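All values derive from a computational prediction rather than experimental measurement. Numbering of ligands and ligand atoms starts at 1, following listing order.
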Amino acid sequence: MPDREIAQPQTYYITTPIYYTSGRPHIGHSYTTVAADAMARYRRRQGYDVMFVTGTDEHGLKVQERAAAAGLTPQTYVDGIVAEFKEIWQLLGISYDRFIRTTDPEHVAAIQEIFTMLYERGDIYLDTYEGWYCTPCESYWTETQLADGKCPDCGREVVLTQEETYFFRQSKYGERIIELYREHPEFIQPPSRMHEMLNNFLLPGLEDVAVSRTSFDWGVHVPFDEKHVVYVWVDALFNYLTVLGFPNGENPVWERYWPADVQLMGKEIVRFHTILWPALLMALDMPVPKQAFGHGWLLFRDSKMSKSVGNVVDPAILCERYGVDAIRYYLLREIPFGSDGNFSNEALVTRINADLANDLGNLVSRTTAMIARYFDGLLPEEREAAGIDDELLGLAGSLAESVEANLNELQYSQALADIWRVIGRANKYIDETTPWILARDEAQRPRLAAVLHNLAATLRQIAILLEPFMPATGPAILAALGVGDDTRQSSWASARETGLWQPAAPITAAKPLFPRLDLEAELDYMQSILEADKGQESPAPEAAEESVPAPVGIATIQYDDFAKLDLRVAVVTACDRVPKADKLLRFDLDVGSLGTRQVVSGIADSYEPGELVGRRVILVANLAKRRVRGTESEGMLLCAEAPDGSYRLLGVSDDVEAGSEVS
Ligand code: MSP
């Protein structure tokens, strides 16, 4: 090989399993893919030449049966499902580099070549198979492997099959695979899954595997014996190589990216990826992947998501209602990668409210609003440091290192917890330094500037580190801070630099990133979606979206419900009538650290607009934005009804600052 003159960036190859097309995509599938996407984004930001592959597994008896039941050809049937997968991945911001379909002609040709290579090497031979087959899992089992006579993976019925079959000499590779595990304990993660493989399969001794079928047609035909189709798992596993042009495709790049750095998968298919897959590769004298990571399941009401259980959660509905980044955040934060965990609507809404709207949202809006308000968006350069700054800056200084350490181990939840620790500390720093009090005293201007600098600089680091997890939110925060794209200040490496923040433009108060949600209403909504979806074999998304949230009854509320209201003191800076709307007044309000707001209120019968300017009123600050007679209204003013039916605005005395919380 000639010497390379220019240093090439290091490659990083990451894969998801390819998804079965016998059903529609659900949030469980999104779990693997979002995790892979976050890792791919992280590695790209670090400067790696990343290859991120996902795709669809389209052959097999199950697909053939589903297509027949729908009155479609298998190809038409899978084309429809694949389009849905691609749509969901686009919606979720999945930045895959290549998408492979096992029906791609290049893949089909490559599988035929590979099958022939293995046959010619003597590792595939013809024999008769008698054993148990689980159609939903596309898996063969021996009598002893069955659990109470059922499939040990899914618990469903198995059928006794006898047929002439090609076999792969898996048994030949048992010892080498055990050696692989011993020499590279990092090959299977988490380590518990390795013990499972050793004890259940490898140490008892591997058997040869039936790798062709004659009882159905929808698959890759064995080129030298056309009545056989290749076993779907052999067809599917090789996608990781055929997608890169192996063995003889056009523009092959497999030599550049293979072996894969990490292959992600759910725990139920670790067996295929850590026994059959390395054995097949060894038979071809190919290196094995560096790591297989078997994550846990996303459970819904304690069982795995499945159409037959009626608990499938549609990611498109979730993204539309809550936003893509909120869903990505929830998936990566809620459950430690590797463990099982429940997907719960309540936990989702709670995380959105507490972590996103409250912790992160408040930090962004308070920081930008105060810079806008106290310094017209431009902070002076010179800064006064104080001891109280050290803890925040210290935490921010070591954040990138700990996020990287956790991401290197695929501990997404831990990495996010690290980031939120700093967000929490920064919010506390605002409470401790009380910038609004510093702002009253001219002598404290340098200190006020330093506090806001520290906040903006910390937020810049947080925004960069958030980008792999939340690809829209990270850049949105940087933009709100006046940090341009692709500048040194937005580079991944600069996330290690504390105190760095030089905005390119004046800062304005950022709009709330995540609206606060009403838990009860959301739970009712999600329940109505599930009801509408239940029992439908293949529900159209439109049908689910049409369903209306169930009305919420009037009931006593808990303190927590009351605490969801963000009530603030606001000063009326302008007030006028809304044209062509007799009952409406339009207010401009100063809400202190939350910036300015426009609110429309139906009290024109009760007040003259001029008499209200300067009044301190009470604003429901976290009410979702809406349009009232064509005028935008962001919040609601609290009023009491007088005996004559007119309204009186609630207010407070003049010594209370605009923006003060009401509780
Ligand atoms: N087609 C095979 C994989 C072949 S790879 C060479 C397959 N497909 S699958 O669609 O059933 O699953 C694909 C991935 O989605 C697996 O990693 C699986 O674990 C994951 N999930 C499907 N449902 C899931 C949950 N409810 N929770 C977490 N992951 C889940 O297996």
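Every atom of ligand 1 with a heavy atom of Tyr19 under 4.0 Å away is listed here by number and element: 10 (O), 13 (C), 14 (C), 15 (O). Of all the atoms in ligand 1, the ones that sit under 4.0 Å from a non-hydrogen atom of Ala236 are 6 (C). Short contacts between ligand 1 and Thr32, defined as distances under 4.0 Å to a heavy atom of the residue, involve ligand atoms 15 (O), 17 (O), 20 (C). Contact atoms of ligand 1 toward His295: 28 (C), 29 (N) (distance under 4.0 Å to a heavy atom of the residue). Counting atoms of ligand 1 from 1 in the listed order, those under 4.0 Å from a heavy atom of His26 are 23 (N). Atoms of ligand 1 lying under 4.0 Å from any heavy atom of His29, numbered from 1 in the order shown and given with element: 10 (O), 15 (O), 22 (C). Distances below 4.0 Å separate heavy atoms of Ile269 from the following atoms of ligand 1: 3 (C), 16 (C), 17 (O), 31 (O). Every atom of ligand 1 is numbered from 1 in the order shown, and the set under 4.0 Å from a heavy atom of Gly296 is 28 (C).
Of the N and O atoms on the side chains of Asp49 and Thr11, not one donor lies less than 3.5 Å from an acceptor on the other residue. Defined by atom type and a distance below 3.5 Å, a donor-acceptor pair is missing between the side-chain atoms of Asn408 and Glu404. For the residue pair His295 and Tyr412, no side-chain donor N or O sits within less than 3.5 Å of a side-chain acceptor on the partner.
Around CD of Gln145, the count of heavy atoms belonging to other residues, nucleotides or ligands within 6.0 Å exceeds 12.
Contacts between Trp233 and ligand 1, counted as non-hydrogen atom pairs separated by less than 4.0 Å, involve the side chain only. With a heavy-atom cut-off of 4.0 Å, Asp57 touches ligand 1 through its side chain alone.
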Evaluate the side-chain hydrogen bond (donor to acceptor under 3.5 Å, both in side chains) criterion for residues Gln46 and Tyr12: first the C-alpha distance (whole Å), next the side-chain angles of each, then the deciding distance (0.1 Å), finally the verdict.
CA-CA 11 Å; Gln46 281 189 315; Tyr12 187 82; over 6 Å; no
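No N or O atom of Trp297 sits closer than 3.5 Å to an N or O atom of ligand 1.
Distances from atom 17 (O) of ligand 1 to the heavy atoms of Cys137, Gly266, Gly341 put Gly266 nearest. Nearest-residue assignment for atom 27 (N) of ligand 1 (options Leu299, Ile335, Leu298; heavy-atom criterion): Leu298.
Phe300 has its side chain out of reach of Ile27: every pair of non-hydrogen atoms, C-beta onward, lies at least 4.5 Å apart. For the pair Leu410 and Gln291, the minimum side-chain heavy-atom distance is below 4.5 Å.
A perpendicular orientation is assigned to the rings of Phe343 and Tyr330, their planes being inclined by more than 60° (bins at 30° and 60°).
Ligand 1 has at least one atom lying under 4.0 Å from a heavy atom of Tyr240. Proximity of Gly23 to ligand 1 is not established, as no heavy-atom distance is less than 4.0 Å. Contact analysis leaves Lys267 out of contact with ligand 1, as no non-hydrogen atom separation drops below 4.0 angstrom.
Aromatic pair Trp141/Tyr133: ring centres not closer than 6.0 Å.
Between Asp97 and Arg44 there is a salt bridge, since a side-chain N of the basic residue sits under 4.0 Å from a carboxylate O of the acidic one.
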